[in-house]
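Okay, structure first, notes after.
Note on naming: letters A, B, ... go to the chains in the order of the sequence lines (proteins, then strands), and numbering restarts at 1 for each one. Keep in mind that the numbers below use all heavy atoms, side chains included, and drop hydrogens, waters and symmetry copies.
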There are 2 protein chains.
Amino acid sequence: MILSQTAEYALRAVLAIAREADGKAVGAARIAEELGIPANYLSKTLHQLARAGILESARGKLGGFRLARAGDRITLLEVVGEFDDIRGKRSCLLGRTTCSDHTPCVAHHRWKAVAEKQAAFFRDTTVADLLRAG
Amino acid sequence: MILSQTAEYALRAVLAIAREADGKAVGAARIAEELGIPANYLSKTLHQLARAGILESARGKLGGFRLARAGDRITLLEVVGEFDDIRGKRSCLLGRTTCSDHTPCVAHHRWKAVAEKQAAFFRDTTVADLLRAG
DNA sequence: CCATATTATCATGGGCATATGATATTAGAG
DNA sequence: CTCTAATATCATATGCCCATGATAATATGG
């Protein structure tokens with residue numbers, strides 16, 4: 001898996017919430033069932049997304065989760081980055097902490113092109129982009 | 001980390017062994033110290049690479065590990081794939097088991113280009129390629 | 001044969017991601 | 001005010017990756 005289980009859950013859940021036509025709040029339980037994700041586990045994940053300012057949460061009846069912003073202003077990096085370290089240590093294939101254009105490891109130049117392509121995908125793709133695609 | 005700790009150890013160790021000028025066997029202990037990797041742990045990892053036909057091992061005095069083939073005939077996919085699932089489930093960003101051009105998830109088309117680039121890197125880059133680069 | 005260096009293997013434990021279960025808190029509806 | 005549905009939080013379990021330690025098996029050199 002390229003993403004951790006938790007990050008994958010988060011992304012799928014955000015997409016499901018974003019699909020809600022009128023921005024109505026969606027219950028965590030419904031999303032969990034719809035996506036086949038452990039309900040209690042998803043609950044924590046959604047809460048974390050809310051604290052990160054990606055979702056808004058409301059308690060009580062009629063409560064649930066909704067996007068905190070329009071889908072075209074939420075990048076995949078924001079969602080996934082909350083759980084996985086997309087940038088940072090991911091940079092060097094051989095795990096060196098000091099690996100740059102100036103002090104490259106033997107894989108640096110070849111790997112850089114791939115890593116940059118991947119980073120750009122998460123940085124530039126928005127939730128809305130994916131909804132349009134589906 | 002893009003690679004598991006074990007796969008990263010394996011790759012770094014294979015590169016170190018490949019650097020040995022005349023294909024002389026290198027002791028696991030020496031590599032472990034040289035790379036700062038737990039010796040006992042690396043031992044098992046190297047053994048696994050030997051069973052996979054990537055390294056050759058010899059016991060006793062003058063024993064150690066050496067490449068089983070020339071470095072330009074060992075791809076990174078062979079080394080890393082022994083420990084991490086590079087292809088397979090890695091294909092779908094959203095974790096679907098059935099995700100293809102015919103039955104795509106919403107991320108499929110955008111993600112495919114990135115994933116293919118990464119797959120090509122591991123498939124087409126050889127140990128010798130990296131040694132030349134360093 | 002014996003001593004020694006090295007890989008091969010087994011047994012065990014720690015830590016983290018993942019998951020489950022139970023309870024507390026909050027807010028709407030009648 | 002009370003009931004209920006939903007999020008928020010705490011406590012606990014589990015499985016795997018990573019790591020450590022100890023022992024067995026094997027081969028070389030004297």
Taking for each residue the nucleotide of DNA chain D with the nearest heavy atom, is it B:G60 or A:A28 whose nucleotide lies nearer the 5' end?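 Of the two residues, A:A28 wins.
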Do B:S4 and B:Y9 have a side chain donor and acceptor closer than 3.5 Å? no
Under a 3.5 Å threshold, yes or no: a donor from one side chain and an acceptor from the other, between A:T126 and A:D129? yes
With nearest nucleotide decided by heavy atoms, which residue, A:A7 or B:V26, maps closer to the 5′ end of DNA chain C? B:V26
Heavy atoms only, 4.0 Å cut-off, all strands: where does B:Y9 land among base, sugar-phosphate and nothing?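 Sugar-phosphate, no base atom in range.
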Would you say B:T125's side chain and B:F121's backbone share a donor-acceptor pair under 3.5 angstrom? yes
Please answer whether the main-chain N or O of A:L130 pairs with a side-chain N or O of B:R110 as donor and acceptor at a distance below 3.5 Å.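 Such a contact is absent between B:R110 side chain and A:L130 backbone.
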Give the rounded distance in Å between these two atoms: [atom1] of [X] and [atom2] of [N].
| X | N | atom1 | atom2 | value |
| --- | --- | --- | --- | --- |
| A:E8 | C:dA17 | CD | C1' | 14 Å |
| B:Q5 | C:dC16 | CD | P | 14 Å |
| B:L62 | C:dT4 | CG | P | 16 Å |
| B:F83 | D:dC16 | CZ | C1' | 16 Å |
| B:E82 | D:dC17 | CD | P | 14 Å |
| B:Y41 | C:dG13 | OH | P | 18 Å |
| A:Q48 | C:dA17 | CD | C1' | 13 Å |
| A:I37 | C:dT20 | CD1 | P | 12 Å |

Side chain to side chain donor-acceptor pair (under 3.5 Å) partners of A:T98, counting only residues at least two apart: none
Joint hydrophobic cluster, B:L131 plus B:L67, side-chain heavy atoms closer than 4.5 Å: yes
Enumerate the protein-to-nucleotides 8-12 of chain C contacts in which both atoms are nitrogen or oxygen and the separation is below 3.5 Å.
residue: C:dA8; atom: OP1; partner: B:S57; partner atom: OG; Å: 2.7
residue: C:dA8; atom: OP2; partner: B:H47; partner atom: ND1; Å: 3.3
residue: C:dA8; atom: O4'; partner: B:R59; partner atom: NH1; Å: 3.0
residue: C:dT9; atom: OP2; partner: B:H47; partner atom: NE2; Å: 2.5

Residue A:T6, side-chain atoms from C-beta onward, closest of D:dC18, C:dA29, C:dT18: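 Nearest to the side chain of A:T6 among the choices is C:dT18.
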Salt bridge or not for B:R96 and A:E8, using N-O below 4.0 Å? no
